[in-house]
Amino acid sequence: MAFQSFPTRLALITLMAGMLTLWCVMPAFAEPSNSEETRLLLEKSLSVVEMDNEIKRIQIQQADLTKETASAKQALEQQEQQIEHKREQAGKVLRAYYMGDRDIWLTALLSARSISDFLMVMEYADLIFAHDRDVMKLYKEEYAQLAQGIEQLGKKQQELASIEQRLTEQRTRVLALQEQIEGGLAGRSDADKLRLMMEELTSYWESIGLYEVKQHFSALSKAMRKLPDWLQNNKQYLETSGLTYTIRIPEDALNKFLREQDDRFEQFSFSFEDGSLTAYGKRDALELSVSGHYTVEQEPRNGIIFHVDELLFNGLSLPDTTKQELEKQFDLGFYPSFIISFLQATDVEIKDGELIVTLQVKL
């Protein structure tokens with residue numbers, strides 16, 4: 001590896017120094033605060049940061065979809081211009097049949113005085129009728145494409161309206177939270193100290209916290225993809241009764257499996273209780289807790305899908321936008337067809353310290 005230049009080394013040293021400073025200041029608010037009001041203010045400040053990030057994501061979607069909609073509208077207008085000529089041709093064909101202009105060929109056939117005349121008239125008539133069919137067929141195809149384009153444009157416009165509504169809702173939520181924060185800080189003697197804590201929390205979350213959370217979700221997603229193979233080698237957790245299969249995974253077996261997949265789960269524990277799965281871990285100044293539940297989903301494919309109900313970072317609850325984005329970015333699902341192709345999940349529950357999945361053979 002080539003030696004790094006002095007400016008590069010200096011930049012790295014500066015970055016490491018900044019990170020070290022954050023690690024040092026984090027314990028000040030990493031532990032549960034004695035003041036519930038202070039904890040709520042920090043939680044709201046973190047939510048504002050995450051909602052701002054969601055607003056940026058929505059704005060990018062909005063810009064992309066606006067371009068797509070404009071492009072689709074332009075293409076539709078061009079298509080309408082192109083089909084106009086074929087519409088006129090199709091109209092002429094229909095008028096010719098309606099006005100009886102094509103009856104002349106029937107008269108000519110009946111008036112033929114020889115077989116050769118009859119065949120010649122048939123050939124010309126066939127050419128005319130074939131041309132009429134082609135004109136009508138092309139018009140029908142292009143009209144269908146135009147109708148499909150109009151439908152797609154309508155869907156894009158509806159999606160754009162939905163995105164604009166989401167954007168408005170998120171901005172409203174952010175403004176409300178900011179007002180609550182300012183109201184909570186007003187009149188407090190330690191307002192400046194709290195503002196500094198919020199800044200430090202934001203800096204720590206954006207530089208380290210979010211990265212660590214995503215790393216854990218990524219590791220969990222990769223581990224879940226290996227669960228079907230693990231079950232194949234651990235058939236003691238798989239029961240069969242006729243066409244019904246039942247998977248029963250105790251929480252200690254799940255913990256063992258996950259720790260075999262990734263070392264970071266050595267500091268994490270997974271527990272099953274009251275219909276939910278909770279993962280909790282703590283390392284140095286970072287504390288993470290994820291709670292959620294499983295549901296059976298059919299689309300886009302049959303599987304057991306994990307939904308995040310609560311996400312705590314250093315004891316602070318993250319907003320629904322963060323949970324939804326992590327669900328979207330990392331697939332923590334389990335797909336029975338990876339065990340046996342003809343199996344599909346029909347039920348899932350967490351009971352008595354076990355994750356229980358019921359499977360049926362697809363007939």
Side-chain angles (χ1 to χ4, degrees), residues 50 54 57-58 61 159 162 166 210 213-232 234 237-239 243-251 253-262 264-265 268-281 288-313 317-362:
E50 280 299 280
E54 174 68 5
R57 287 192 291 268
I58 294 174
Q61 289 178 351
E159 189 178 350
S162 175
R166 279 175 54 205
L210 182 58
V213 169
K214 287 186 175 182
Q215 287 298 300
H216 281 80
F217 268 77
S218 177
L220 190 55
S221 177
K222 291 175 182 176
M224 291 304 293
R225 289 200 292 269
K226 296 178 181 179
L227 187 60
D229 290 337
W230 179 79
L231 284 169
Q232 289 278 36
N234 293 270
Y237 304 119
L238 185 62
E239 304 171 0
L243 299 178
T244 302
Y245 289 69
T246 305
I247 297 173
R248 295 179 179 274
I249 306 177
E251 64 180 44
L254 179 64
N255 277 295
K256 182 181 178 182
F257 161 72
L258 292 172
R259 287 163 186 166
E260 289 172 353
Q261 308 308 311
D262 197 297
R264 61 171 48 91
F265 293 129
F268 254 69
S269 62
F270 294 79
S271 60
F272 299 140
E273 54 183 31
D274 299 328
S276 68
L277 181 150
T278 299
Y280 173 81
L288 183 64
S289 176
V290 183
S291 296
H293 68 282
Y294 284 98
T295 60
V296 177
E297 305 288 341
Q298 301 299 334
E299 297 296 337
R301 58 181 171 178
N302 176 263
I304 307 299
I305 307 303
F306 184 72
H307 304 279
V308 181
D309 296 324
E310 184 179 55
L311 179 60
L312 300 177
F313 166 69
S317 179
L318 288 161
D320 55 348
T321 54
T322 307
K323 293 182 288 188
Q324 291 165 6
E325 182 63 22
L326 289 170
E327 277 188 30
K328 192 186 306 180
Q329 192 172 352
F330 302 102
D331 183 5
L332 306 184
F334 165 66
Y335 303 96
S337 60
F338 290 168
I339 303 175
I340 302 176
S341 60
F342 51 79
L343 286 180
Q344 64 177 2
T346 57
D347 189 42
V348 60
E349 63 177 331
I350 294 174
K351 182 179 178 183
D352 300 329
E354 289 184 324
L355 172 63
I356 306 168
V357 181
T358 304
L359 312 172
Q360 291 285 344
V361 175
K362 291 185 290 185

Mind listing the closest non-hydrogen atom pair of [X] and [Y] along with its distance?
{"X": "G353", "Y": "F272", "value": "O-CD1, 3.4 Å"}
{"X": "I350", "Y": "S276", "value": "CD1-C, 3.5 Å"}
{"X": "T321", "Y": "R57", "value": "O-NH2, 4.2 Å"}
{"X": "L359", "Y": "T346", "value": "N-OG1, 4.3 Å"}
{"X": "P336", "Y": "G303", "value": "CD-CA, 4.1 Å"}
{"X": "Y245", "Y": "V361", "value": "CE1-CG2, 3.8 Å"}

For Y280 and L288: C-alpha separation, side-chain torsions, deciding distance, then whether side chain to side chain contact (heavy atoms under 4.5 Å, CB included) applies.
CA-CA 6 Å; Y280 173 81; L288 183 64; over 6 Å; no

S271 versus E251, side-chain donor and acceptor atoms under 3.5 Å:
no

[atom2] on [Y] to [atom1] on [X], rounded to 0.5 Å:
{"X": "K323", "Y": "L311", "atom1": "NZ", "atom2": "CG", "value": "7.5 Å"}
{"X": "L254", "Y": "I249", "atom1": "CG", "atom2": "CD1", "value": "6.5 Å"}
{"X": "L277", "Y": "F270", "atom1": "CG", "atom2": "CZ", "value": "7.0 Å"}
{"X": "Y335", "Y": "R301", "atom1": "OH", "atom2": "CZ", "value": "5.0 Å"}
{"X": "L258", "Y": "S269", "atom1": "CG", "atom2": "OG", "value": "11.0 Å"}
{"X": "K362", "Y": "L243", "atom1": "NZ", "atom2": "CG", "value": "14.0 Å"}

Check side-chain contact (heavy atoms from CB on, under 4.5 Å) between Q324 and all other residues, then give those that pass, not counting sequence neighbours.
D320

Among residues at least two apart in sequence or on other chains, which ones pass side-chain contact (heavy atoms from CB on, under 4.5 Å) with K256?
E260

Taking side-chain hydrogen bond (donor to acceptor under 3.5 Å, both in side chains) as the cut-off, I'd like each qualifying pair that reaches into residues 289-298, sequence neighbours left out, listed once.
T278-S291, H293-D309, T295-E297, T295-H307, Q298-N302

Filter on side-chain hydrogen bond (donor to acceptor under 3.5 Å, both in side chains), then keep only pairs touching residues 215-224, sequence neighbours left out; what's left?
S221-R225

Parallel, tilted or perpendicular: ring planes of F265 versus F268, cut at 30 and 60 degrees
perpendicular

State, yes or no, whether a side-chain contact exists between [X] and [Y] at a heavy-atom distance under 4.5 Å.
{"X": "I304", "Y": "V296", "value": "yes"}
{"X": "T244", "Y": "T358", "value": "yes"}
{"X": "Y237", "Y": "W230", "value": "yes"}
{"X": "D229", "Y": "K226", "value": "no"}

Is a donor on one side and an acceptor on the other found under 3.5 Å between the side chain of Q232 and the backbone of P228?
no

Can you sort out the partners of S317 under side-chain hydrogen bond (donor to acceptor under 3.5 Å, both in side chains), two or more places apart, ordered by chain and number?
none

Could you walk me through whether F334 and I247 pass side chain to side chain contact (heavy atoms under 4.5 Å, CB included), step by step?
CA-CA 12 Å; F334 165 66; I247 297 173; 3.7 Å; yes

Might you work through the side chain to side chain contact (heavy atoms under 4.5 Å, CB included) test for Q329 and K214, ending with a clear yes or no?
CA-CA 9 Å; Q329 192 172 352; K214 287 186 175 182; 3.7 Å; yes

Residue pairs involving residues 341-355 (criterion salt bridge (Lys or Arg N to Asp or Glu O under 4.0 Å); sequence neighbours excluded)
R248-E354

